[in-house]
Amino acid sequence: QVQLVESGGGSVQTGGSLRLSCAAFGYAYSIHCMAWFRQAPGKEREGVAVIDTDANTSYAEGRFTISQDNAKNTLYLQMNALTLEDTAMYYCAASPFYCAARYYTGYFNTADFRYWGQGTQVTVSS
């Protein structure tokens with residue numbers, strides 16, 4: 001089993017930045033693909049960025065950067081130039097399978113990932 005714990009969310013004004021973290025516990029060595037998703041009130045959960053063990057990445061949002069520290073079993077999401085539309089609960093997700101080729105063109109969804117964190121809230125205000 002793998003447990004994921006997100007942190008780093010909070011309140012920020014438009015134009016500001018936040019860095020989210022996601023620590024993996026348990027059988028972290030079994031993870032081959034990780035991603036960040038977000039879910040705004042009344043909307044479906046949507047993919048934000050994905051990364052594989054070779055640090056290949058794909059982004060649905062160009063202002064964000066996904067990275068990982070394998071030594072710390074931690075995933076990050078650097079978010080810059082935040083807008084009101086970025087307000088959402090942000091979730092970390094992981095899969096024991098390698099990222100599929102379609103992920104790198106932005107086609108990844110919740111069904112592609114087995115493990116999920118509880119989420120961290122990001123609120124952007126003007």
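As the structure is a prediction and not an experimental result, all values here were calculated from the model. Because only heavy atoms are used, hydrogens play no part in the values below, and waters and symmetry mates are left out as well, while side chains stay in.
Rounding to the nearest 0.5 angstrom, the gap separating the CD atom in Gln121 from the CD atom in Glu6 is 12.0 Å. Residue Ile31 holds its CD1 atom at 9.0 Å from OG of Ser95, rounded to the nearest 0.5 Å. Rounding to the nearest 0.5 Å gives a distance of 14.0 Å between CG of Asn73 and OH of Tyr27. Rounding to the nearest 0.5 Å places CG of Asp112 at 11.0 Å from CZ of Phe97. A distance of 7.5 Å separates OH of Tyr90 from CG of Leu77, quoted to the nearest 0.5 Å.
In this structure, the side chains of Met79 and Val48 stay at 4.5 Å or more apart for every pair of heavy atoms. Taking 4.5 Å as the limit, some side-chain heavy atom of Val2 sits within range of a side-chain heavy atom of Ser30. In this structure, Ser67 and Gln78 have side chains that are not in contact, with every pair of non-hydrogen atoms separated by 4.5 Å or more.
The two atoms that bring Lys72 and Thr74 nearest to each other are O-OG1, 2.9 Å, heavy atoms only. Residue Phe108 comes nearest to Arg102 through the heavy atom pair CA-NH1, 4.0 Å, listed as atom of the first residue, atom of the second, then distance. Of all heavy-atom pairs between Cys99 and Val50, the closest is SG-CG2, 3.9 Å. Scanning all heavy atoms of the two residues, the minimum distance from Cys22 to Met34 falls at SG-CE, 4.3 Å. Phe25 and Val5 get closest at one heavy-atom pair: CE1-CG2, 3.8 Å. When all heavy atoms are compared, the tightest approach of Cys92 to Leu75 is SG-CD2, 3.9 Å.
The backbone N or O of Ala88 sits nowhere less than 3.5 Å from a side-chain atom of Arg38 that would complete a donor-acceptor pair. Using modelled atom types, no side-chain atom of Thr123 and backbone atom of Thr87 make a donor-acceptor pair closer than 3.5 Å.
Under the 30°/60° scheme for interplanar angles, the aromatic rings of Tyr91 and Trp116 are found to stand perpendicular.
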Worked verdict on Asp86 versus Leu18 for side-chain contact (heavy atoms from CB on, under 4.5 Å): CA-CA 11 Å; Asp86 295 319; Leu18 280 176; over 6 Å; no
Stepwise ring pair (Phe, Tyr, Trp, His ring centres under 6.0 Å) check, Phe113 with Tyr115: CA-CA 6 Å; Phe113 295 87; Tyr115 306 111; over 10 Å; no
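Annotation: side-chain contact (heavy atoms from CB on, under 4.5 Å) contacts of Thr53 (sequence neighbours excluded): His32, Tyr98. In this structure Asn56 satisfies the side-chain contact (heavy atoms from CB on, under 4.5 Å) test together with Asp52, Asp54, Tyr104, sequence neighbours excluded.
Counting heavy-atom neighbours within 6.0 Å of Gln118 CD, excluding the residue itself, gives a total of 12 or less.
Screening residues 13-26 for side chain to side chain donor-acceptor pair (under 3.5 Å) gives Ser17-Asn80 as the qualifying pairs, with residues at least two apart or on separate chains.
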